[in-house]
Amino acid sequence: MGVSQWLFALLLCQATLTTPTDVRFLRHSGRREGFADSMEEGGGGGGDGGGGGPPPPPSLGVPLNASANPADLLLFEDEPDPRLDIEERLVVRGTEVVLECVVPDDAKVIEGDDSVEGEVRWYHDGNLVEGDLRVSIMWTGRIVMSHAVSSDSGVWWCRRSGRPAPKLRLIVTIPPERPYLKYGGAQLAAGARLTTREGNSITLHCVVEGGNPAPSITWILGGEDITATSQIHSHWVDSEGVFNTKSNLTVARVGKDLHNNTVACVVRHPSLPVAVSVPLRLNIEYSPDFRLRRWPSWGTPVREGASVSLLCSVDANPPSDPTWVKGGRAAGVSSQNSLLLRKTTYSDGGRYRCVASDATNTIESDDVDIIVTGAPMVAAVNSTVLSIAGRPTALSAHVCGRPLPLTLTWLPPPHLQPINPGDTKDRITAHNLTTSETPGCHYAVLTIAGVKPHDEGNWVIVGVNDRGATAALIRLNVTAAAHSVAASASRAQIPFHLTASLLTLLLSVSVVSNAVVGRVWL
């Protein structure tokens with residue numbers, strides 16, 4: 001034996017020893033984990049797969065039988081792999097398969113072929129095919145398999161009169177079982193509804209049992225393809241000749257915008273005429289979100305006697321009925337979630353809130369201020385003040401109204417002159433208004449440095465705006481006794497001797513909109 005013949009025999013022997021004995025077709029789509037990882041889970045003698053060795057990496061993609069001729073696998077350094085340029089045909093296991101023997105006109109007789117003229121021979125992965133009860137070779141050269149089996153996968157070709165036809169790779173696919181979703185370790189029913197809280201994280205598993213080749217799985221959320229954020233892996237079940245496939249999808253934080261959206265895994269496989277979708281409806285619970293409206297619209301003054309309506313719309317899941325409150329107490333709600341104030345008075349003014357509840361908390365909206373405009377309200381903080389001569393003394397009143405009084409005047413006893421806020425006359429100072437804790441209200445304070453007995457008498461504070469006027473009376477008593485007492489506030493009548501001065505003041509006020517004040521509230 002020559003050296004070249006000896007080397008060729010050695011290579012042939014080595015190829016025979018290393019040829020895969022159980023190579024299976026594998027085609028993956030999408031993003032998959034490392035093949036070694038998937039085999040650790042279920043292939044190669046463990047898990048669901050049972051005993052056989054692992055399938056080849058996806059790049060091989062060539063089905064071969066154990067009986068394939070090892071010489072057919074030998075390639076020289078610059079020779080292209082003929083397996084990479086062969087027509088493929090996918091068929092479903094159990095269906096009829098018909099292959100035609102069509103030899104090109106320019107095909108040449110293979111040297112050494114002993115076929116007789118007109119004879120047709122079929123080969124499967126290099127092995128001559130003999131007809132049997134399942135496989136028939138017609139006189140026309142057609143080969144018919146009554147039902148395809150997994151072992152039919154491989155490369156098929158024919159020779160007619162010793163001339164070869166093009167090769168065809170036949171891939172017998174096995175349909176997968178119907179896919180299903182799992183969440184938290186439990187299988188979900190078809191068309192299920194998943195309830196979770198806003199801000200939570202969810203992980204879904206799409207499981208596909210069986211199928212060869214392995215199916216592809218995509219994820220759709222709200223009409224958007226989010227497959228890139230998922231992971232998929234398949235492992236070979238040797239005893240059944242199929243793959244088991246699982247794809248995992250994690251949504252790190254679900255928002256209220258996903259409420260009532262559908263997430264679906266979509267499975268595609270060569271044996272399936274159409275893709276199979278497994279949908280899941282998301283039910284996202286979230287806290288109340290308020291939308292407040294008012295009629296008349298915001299910024300429009302609310303005058304005494306007019307009506308005002310507040311509307312509160314609440315977006316929450318589960319739904320929550322709103323309630324209007326004022327000062328911590330229910331203000332009343334209509335069937336349309338609105339609060340209607342008819343013929344408003346000054347007491348209707350204040351801060352209102354819309355309140356709703358979720359499963360664990362009570363949620364409040366921002367404050368809604370209602371300020372009712374009208375004639376000012378002027379009330380003495382203490383209607384009677386008893387002071388000691390020579391000591392400083394303060395008189396104060398609560399002034400409310402919108403707009404604020406255009407004129408605010410202190411009227412002292414007859415022997416003293418009227419004084420306006422911000423002015424000082426001798427020992428008497430009328431201070432500017434200071435904000436009260438009540439919306440739309442202020443404090444008016446007058447101080448007397450070193451009160452004297454002749455300061456004693458009736459002091460009147462008058463507030464005037466375009467809606468009218470109001471006055472309050474404070475009685476100052478000065479004593480030499482070593483005590484000072486402030487009586488509780490009460491309504492008081494203005495003495496007759498102050499009436500003329502008060503009327504003169506009111507008639508001198510310029511009224512907004514050229515209207516003359518026609519009434520005095522005492």
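A distance-only check finds a donor-acceptor pair linking the side chain of Asn244 to the backbone of Gly210 [under 3.5 Å]. Proximity of a side-chain donor or acceptor of Asn465 to a complementary backbone N or O of Gly468 within less than 3.5 Å is detected. In terms of modelled atom types and a separation under 3.5 Å, the side chain of Asp225 and the main chain of Thr227 share a donor-acceptor contact. Without hydrogens or angle criteria, Thr344 side chain to Ala306 main chain gives a donor-acceptor distance under 3.5 Å. A donor-acceptor pair is defined here as one N or O able to donate and one able to accept, closer than 3.5 Å; such a pair exists between the side chain of His415 and the backbone of His454. Between the side chain of Lys425 and the backbone N or O of Pro418 there is at least one donor-acceptor pair closer than 3.5 Å. Judged by distance alone, the side chain of Ser247 and the main-chain N or O of Gln231 form a donor-acceptor pair under 3.5 Å. One N or O on the side chain of Lys326 and one on the backbone of Gly349 form a donor-acceptor pair closer than 3.5 Å.
Aromatic rings of Tyr443 and His398 (six-membered ring for Trp) have centroids within the 6.0 Å cut-off, being under it.
Once rounded to the nearest 0.5 Å, the distance linking CZ of Phe243 with CD1 of Ile174 reads 10.0 Å. Remark: Ile363 CD1 to Asn361 CG distance equals 5.0 Å, nearest 0.5 Å. Of the inter-residue distances, the one linking Thr424 atom OG1 with Leu446 atom CG reads 9.5 Å to the nearest 0.5 angstrom. How far CD1 of Ile474 is from CG of Asn382: 8.0 Å, rounded to the nearest 0.5 Å. Distance check: Ile220 CD1 to Leu249 CG gives 10.5 Å after rounding to the nearest 0.5 Å. Atoms CD1 and NZ, from Ile232 and Lys246 in turn, are 11.5 Å apart once rounded to the nearest 0.5 Å.
When all heavy atoms are compared, the tightest approach of Ile284 to Gly255 is CG2-O, 3.7 Å. The shortest non-hydrogen separation linking Trp324 to Asn337 is NE1-O, 3.6 Å. For the pair Ser307 and Pro296, the tightest heavy-atom approach, listed with the atom from each and the gap, is O-CD, 3.7 Å. Between Asn458 and Arg475, the shortest heavy-atom contact is OD1-CD, 3.1 Å. When all heavy atoms are compared, the tightest approach of Pro413 to Gly457 is CG-CA, 4.0 Å. The two residues Ser234 and Thr245 come nearest to each other via the heavy atoms OG-OG1, 2.8 Å.
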Requested in this report: Please test Val478 against Lys452 for side chain to side chain contact (heavy atoms under 4.5 Å, CB included), starting from the C-alpha separation and ending with a verdict.
Outcome: CA-CA 7 Å; Val478 181; Lys452 296 180 179 180; over 6 Å; no

Query raised in the report: Going through the distances and angles, do Asp315 and Arg291 end up as a side chain to side chain contact (heavy atoms under 4.5 Å, CB included)?
Result: CA-CA 8 Å; Asp315 179 20; Arg291 181 183 179 187; over 6 Å; no

Query raised in the report: Can Leu476 and Ile448 be said to form a side chain to side chain contact (heavy atoms under 4.5 Å, CB included), step by step?
Result: CA-CA 11 Å; Leu476 174 62; Ile448 304 174; 3.9 Å; yes

Requested in this report: Report the C-alpha distance between Thr447 and His431 in whole Å, list the side-chain angles of each, state the deciding distance to 0.1 Å, and finish with yes or no for side chain to side chain donor-acceptor pair (under 3.5 Å).
Outcome: CA-CA 8 Å; Thr447 57; His431 299 274; 2.9 Å; yes

Query - Working for side chain to side chain contact (heavy atoms under 4.5 Å, CB included), residues Leu258 and Val263 - result: CA-CA 9 Å; Leu258 295 180; Val263 58; over 6 Å; no

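At a threshold of 4.5 Å between non-hydrogen side-chain atoms, the residues Val251 and Trp219 do not count as touching. Inter-residue side-chain proximity for Trp459 and Ile428 is flagged as met; some heavy-atom pair is nearer than 4.5 Å. Annotation: side chain of Lys256 is in contact with side chain of Asp289 (closest heavy-atom distance under 4.5 Å). By the 4.5 Å heavy-atom criterion applied to side chains, Leu221 and Leu282 are counted as neighbours. Taking 4.5 Å as the limit, some side-chain heavy atom of Val276 sits within range of a side-chain heavy atom of Pro179. Between Ser365 and Leu292 the shortest side-chain heavy-atom distance falls below 4.5 Å. Contact annotation: the side chain of Glu209 approaches that of Tyr180 to within less than 4.5 Å [non-hydrogen atoms, C-beta and beyond]. Ser239 is listed as a side-chain neighbour of Val237, based on a closest heavy-atom distance under 4.5 Å.
Of the listed residues (Thr195, Asp358, Asn200), just one forms a side chain to side chain contact (heavy atoms under 4.5 Å, CB included) with Glu285, and that residue is Thr195. Each of Val254, Asn283, Leu204 was checked for a side chain to side chain contact (heavy atoms under 4.5 Å, CB included) with Leu194, and the lone residue meeting it is Leu204.
Of the N and O atoms on the side chains of Arg268 and Thr218, at least one donor lies less than 3.5 Å from an acceptor on the other residue. Residues Asn260 and Arg193 bring a donor and an acceptor atom of their side chains to less than 3.5 Å of each other. Counting only N and O atoms by type, the side chains of Ser287 and Arg197 include a donor and acceptor under 3.5 Å apart.
Annotation: Asp321, atom CG; neighbour count of heavy atoms from other residues, nucleotides and ligands within 6.0 Å does not exceed 12. Summarising the local packing, CD of Gln417 is surrounded by 12 or fewer heavy atoms from other residues, nucleotides or ligands at distances under 6.0 Å. No more than 12 heavy atoms of other residues, nucleotides or ligands shown are found within 6.0 angstrom of CG on Asp366.
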